[in-house]
Amino acid sequence: MDGLEERWAPAWQDAGTYAFDRSAQRADVYSIDTPPPTVSGSLHVGHVFSYTHTDVVARFQRMRGKSVFYPMGWDDNGLPTERRVQNYYGVRCDPSLPYDPSFTPPEKAPKNDRDFVQVSRRTFVELCDRLTAEDEQVFESLWRRLGLSVDWSHTYSTISESSRATAQRAFLRNLARGEAYSQQAPTLWDTTFRTAVAQAELEDRETEGAYHRIGFTPTAGGEPVFIETTRPVLLPACVALVAHPDDERYRPLFGQTVRTPLFGVEVPVVAHPLADPEKGSGIAMICTFGDTTDVTWWRELQLPNRTVIGRDGRLLRETPQWLADGPGAELYASIAGATVFSAQKAVVEALQASGDMVGEPKRITHPVKFYEKGDRPLEIVSTRQWYLRNGGRDVELRSALLERGAELAWHPEHMKHRYDHWVSGLNGDWLISRQRFFGVPFPVWYRLDADGEPVHDDPIVPDEASLPVDPAAEPAPGFSEDQRGVPGGFAADPDVMDTWATSSLTPLLVSGWERDPDLFSRVYPMDLRPQGQDIIRTWLFSTVVRAHLEFGGLPWSRTALSGWILDPDRKKMSKSKGNVVTPLALLEEHGSDAVRYWAASSRLGTDATFDTGQMKIGRRLAMKLLNASKFVLGLGVERGDAADPAAVTEAVDASVLADLADVVRQATEAFERYDHATALDVTERFFWTFCDDWVELVKDRAYGVRGEGPAASARATAAIALRTLLRLFAPFLPYAAEEVWSWWQDGSVHRASWPAVEDLGPVDEGARGVLAAAGQVLTVLRKVKSEAKVSQKTPLSAATVSGPAAVVAAAARAEADLLATSRAASITWREVAVAGGEQAPALSAQAEIAPAG
RNA sequence: GGGCGAUUAGCUCAGUGGUAGAGCACCUCGUUCACACCGAGGGGGUCACUGGUUCGAACCCAGUAUCGCCCA
């Protein structure tokens, strides 16, 4: 069985076994919106798991006669690639540098990123292209080895020219319809990556902090008002104090003003229901901007914007105007340009020295928002960003998107809850711009006014026919390059789109939207979106949004969600825990069929344990399929599909085919409801009975011990059963099934038709149960020998089998085969009567070991 | 704090109203005759807990506990 991958993977490629037939009509096509793996990462065992689930479905649909459109894609766009390229080559992008065509990256990347080489944007993009191309080769060879039945001629990547064109085209249409807009607004900002991030990329992390109790003096005089804050560093950005409108303690203060300690800025005391009387002292300072609640207060209470934290996560270097003439100007000058961390320290020390802070800081842990890929808390800075409407600020759109979710078929069904909760909880539109370099540029330029300031509310856009465009490299339509950046001229939008803004278009990228209308008409909307459950809120939702906005419909009719892979301690497998096994090593050690067996044994949506034991079982199953097939074919089974069901005359043979008919029915029904694990389970269960009981029973007869008729019955049964079994196993064990198929059938098993009950001939209902009963007799006779501690090949003298009438009668119909298999001289059948209501006795046997000789 | 899911043999998991299952691991036996990457046989479980519905509950309902994930 070793070596099957090397033989068959290239053979399938050469024969075009998995080629999509693009002459097929939509109704005969099954199209799959494959998740494009991030090539900047590495494939891990979780990918193998979920991609196997998809492949099993693809193979089933193909055998059912569908023309399967199953492309692969690579997500090579965006920040993850930038990070990998930076670390791999030891470079950092500085867009202000000129392009140097002779640049070669350092031999070895420096350890510390401070020593990274600064390169131009064009060089940086070239390095991104180079590394992703190499990575994609590695990924493809792994997928081929795993046996994914992908049509590689349709492979796409999210940074390719046509993907950039598609992303820009879709954006321009969103813009034209008013679904995309840009806005200067407080934005969640990662200071490490210096980019805005979207709501979907946030995560809360429990973080150490401390409450600082700080007094504000009323302007009108009186006792100081104490607030408790975890971020005293924002004191210079304070614009108001806020308490709950019903809070009796602070009611007298509403409408009055207080002075901020240290800085002496006069700010109002205001009321807002979001202020929590239970939290801290019940009154809080509003700063621009400490958290998203500050943003809400700032917006709803129409407060001024006094930002002090810059995009680099440091305090603004220039002393802000509202502090310049106050008592805190000197203090501010001492913290200008400092990091938030050290500035906070300085402010606290100053507060303690001045006596404005009461007591020691009270240590707490509280949830703080982080970018999921970042390791510093997010700041909120006011910037101009592009947004796409996603229902976060629009009840009507939101309910339309919930309705789309309801139209989608979910496997498993309960995953829909995650979609509903996410959509219902959105609190803003989708922020799609990123201040990065390797991504799809916004296809937008701005006119510059007489002062050289961009006019944002009237962007210049290109003609769709000219896409993709790079506004940083091409002049705006109607302008020449020498007008770039000069008053009265133009400027490019500096941003790129977030990765999700492109990957939300995968059904369009791959289907040839506006590029290949013929293909598009045959595959879109697609049939299946397989993906991980972790990206329902991002990939699945954003794809639904884009399709809804562009076409007013779903991009696919159903989605299949795979679960996690857990390590043996029931934790999610992750690199940081050092428990990730490389997929290639896994495939080499156990064989592709074995690893696929492990993956396919798990149902959709169910987390699975990484379990090499399960792979060993899969390997044993594949091996057994090869060995049993070799033996069965050695009985003289004819090549091809000529076996005649009419030759099946023995009851035990008719019985095994009747059982197999049930298996075909159950496996087909399971596949139809996307329950591949049950399809595998019923097939495997039958196969072991087939080998252990049926094959053992008919060995002697097939060799002709009882003459030609009974032998022909065994051979025909073997041929029919094996042809059926190989096709049932083909989606799961494509290598072993193909290998055996090639021994005696024409073409590929993966192009053969899925078995139908009718292929098995008329089911002989009267023979039902004969094999099961005979199997029970085999077991009890084997037990006699096992307990006597003799070989199973030891002959028995006269045996007596007792049991319920029905079982005994059924087994007796296979007496000749039973005698041969058990080496018994004779069997006496004894029916045990069962009184009404009594439990039927188990089958039992008595027999003497025949004397040696 | 809210939501979703899980909890069955030492391990990994099936089992959705009618006598508790499979594989692995373990114990015993058996190898020229498809398969030692094997075959046969065997031992092993208060189905997390507490109530309820029912003639009958691993399964349905309510609650509790523990674990995982998502959201706030």
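Chain letters run A, B, ... following the sequence lines, proteins first, then strands; residues in each count from 1. Since we're looking at a predicted model, the values are computed, not measured.
With F732(A) as reference, F671(A) is the one residue of F671(A), F687(A), F60(A) to meet the ring-ring contact (aromatic ring centres under 6.0 Å, His included) rule.
If you take atom P in A72(B) and the same atom in U16(B), they sit 36 Å apart, rounded to whole Å. The C1' atoms of C59(B) and A20(B) are separated by 12 Å, rounded to the nearest whole Å. Using atom C1' as the reference point in both G43(B) and G21(B), the two lie 16 Å apart (nearest Å). C33(B) and G39(B) have their P atoms separated by 14 Å, with the value rounded to a whole Å. Spacing between C13(B) and G51(B) at atom C1', rounded to whole Å, works out to 29 Å. Atom P of A9(B) sits at a distance of 15 Å from the matching atom of G15(B), rounded to the whole Å. Rounded to whole Å, the C1' atom of U64(B) lies 14 Å from the corresponding atom of U7(B). Between G52(B) and G45(B), the two P atoms lie 27 Å apart (nearest whole Å).
For the pair Q666(A) CD and A14(B) C1', the computed distance is 14 Å after rounding to whole Å. In this structure, CD of Q199(A) is placed 13 Å from C1' of C70(B), rounded to the nearest angstrom. The separation between L778(A) atom CG and A40(B) atom C1' is 11 Å, rounded to whole Å. Distance CZ (F610(A)) to P (C24(B)): 19 Å, rounded to an integer number of Å. Rounded to an integer number of Å, the gap from D611(A) CG to A14(B) P is 12 Å. At whole-Å resolution of the value, CD in Q533(A) and C1' in G3(B) are 14 Å apart. With rounding to whole Å, K630(A) atom NZ is found 7 Å from C35(B) atom C1'. Note: CG (N427(A)) to C1' (A72(B)) measures 10 Å, nearest angstrom.
Side-chain to base pairing of R619(A) with C37(B): one donor and one acceptor N or O lie within less than 3.5 Å of each other. One donor-acceptor pair, N or O on each side, does fall under 3.5 Å between the base of A34(B) and the side chain of E696(A).
Among the nucleotides C69(B), G30(B), A40(B), the one closest to the side chain of D692(A) is A40(B). Side-chain proximity of W564(A) to the nucleotides C69(B), A14(B), C37(B) is greatest for C69(B). Distances from the side chain of T609(A) to the nucleotides C38(B), C13(B), A22(B) place C13(B) closest. When each of C35(B), A40(B), A72(B) is scored by its nearest atom to the side-chain atoms of S786(A), the top-ranked nucleotide is A40(B). Picking from C29(B), C69(B), G39(B) the nucleotide with the shortest atom distance to the side chain of K789(A) gives C29(B). Of the candidate nucleotides G23(B), A14(B), A34(B), A34(B) has the atom lying nearest to any side-chain atom of K699(A). Taking only side-chain atoms of T779(A), from C-beta outward, the nucleotide of A34(B), C37(B), G41(B) with the closest atom is G41(B). Considering only the side chain of I617(A), G23(B) comes nearest among G23(B), G30(B), C33(B). Checked against C4(B), A14(B), G41(B), the side chain of R782(A) finds its nearest nucleotide in G41(B).
Judged by the 6.0 Å and 45° rule, K279(A) forms no cation-pi pair with Y211(A). With a 6.0 Å cutoff to the six-membered ring centre and a 45° limit on the axis angle, R529(A) counts as a cation-pi contact of W539(A).
If you check every strand for non-hydrogen atoms under 4.0 Å, K369(A) touches nothing. Nucleic acid contact for S601(A): none, since no nucleic acid atom lies under 4.0 Å from a heavy atom of the residue. W688(A) comes within 4.0 angstrom of sugar-phosphate atoms only, judged by non-hydrogen atoms across all strands, and of no base. Residue K616(A) is out of contact with every strand shown, counting any heavy-atom pair closer than 4.0 Å. D204(A) comes within contact range of at least one nucleobase, with a heavy-atom separation under 4.0 Å. Within the 4.0 angstrom heavy-atom criterion, only backbone atoms of the sugar-phosphate kind lie near K783(A); the bases stay farther away. Within the 4.0 angstrom heavy-atom criterion, no nucleotide atom of any strand lies near E413(A).
If you check U50(B) for Watson-Crick or wobble pairing at under 3.5 angstrom, you find it paired to A62(B). Under the Watson-Crick and G-U wobble criteria, each requiring two contacts below 3.5 Å, nucleotide C37(B) is left unpaired. C55(B) is paired with G18(B) under the criterion used here, namely a Watson-Crick or G-U wobble arrangement in which both key atom distances are under 3.5 Å. Across every strand in view, G5(B) sits in a pair with C67(B) that passes the Watson-Crick or G-U test at under 3.5 angstrom. Across all strands shown, nothing is found opposite A25(B) as a Watson-Crick or G-U wobble partner with both distances under 3.5 Å.
Using a distance-only test at 3.5 Å, with no hydrogens or angles considered, a donor-acceptor pair links the side chain of R398(A) to the main chain of S424(A). Under the 3.5 Å distance criterion, the side-chain polar atoms of T821(A) are matched with a main-chain donor or acceptor of E696(A).
Taking the ring centroids of F49(A) and W564(A), they lie at or beyond the 6.0 Å cut-off.
When the nearest nucleotides of RNA chain B are assigned to V695(A) and D675(A) by heavy-atom distance, the more 5′-ward of the two goes with D675(A). Nucleotides of RNA chain B nearest to H414(A) and R823(A) differ in position, and the one nearer the 5' end is that of H414(A).
Under the 3.5 Å distance criterion, with hydrogens and angles disregarded, a donor-acceptor pair is assigned to the side chains of E5(A) and S592(A).
With respect to the salt-bridge test (charged N to carboxylate O, under 4.0 angstrom), the residues R701(A) and D653(A) qualify. For R782(A) and D693(A), the salt-bridge test passes: some basic side-chain N is under 4.0 Å from an acidic carboxylate O.
Note on R603(A): a side-chain N or O is less than 4.0 Å away from OP1 or OP2 of A14(B).
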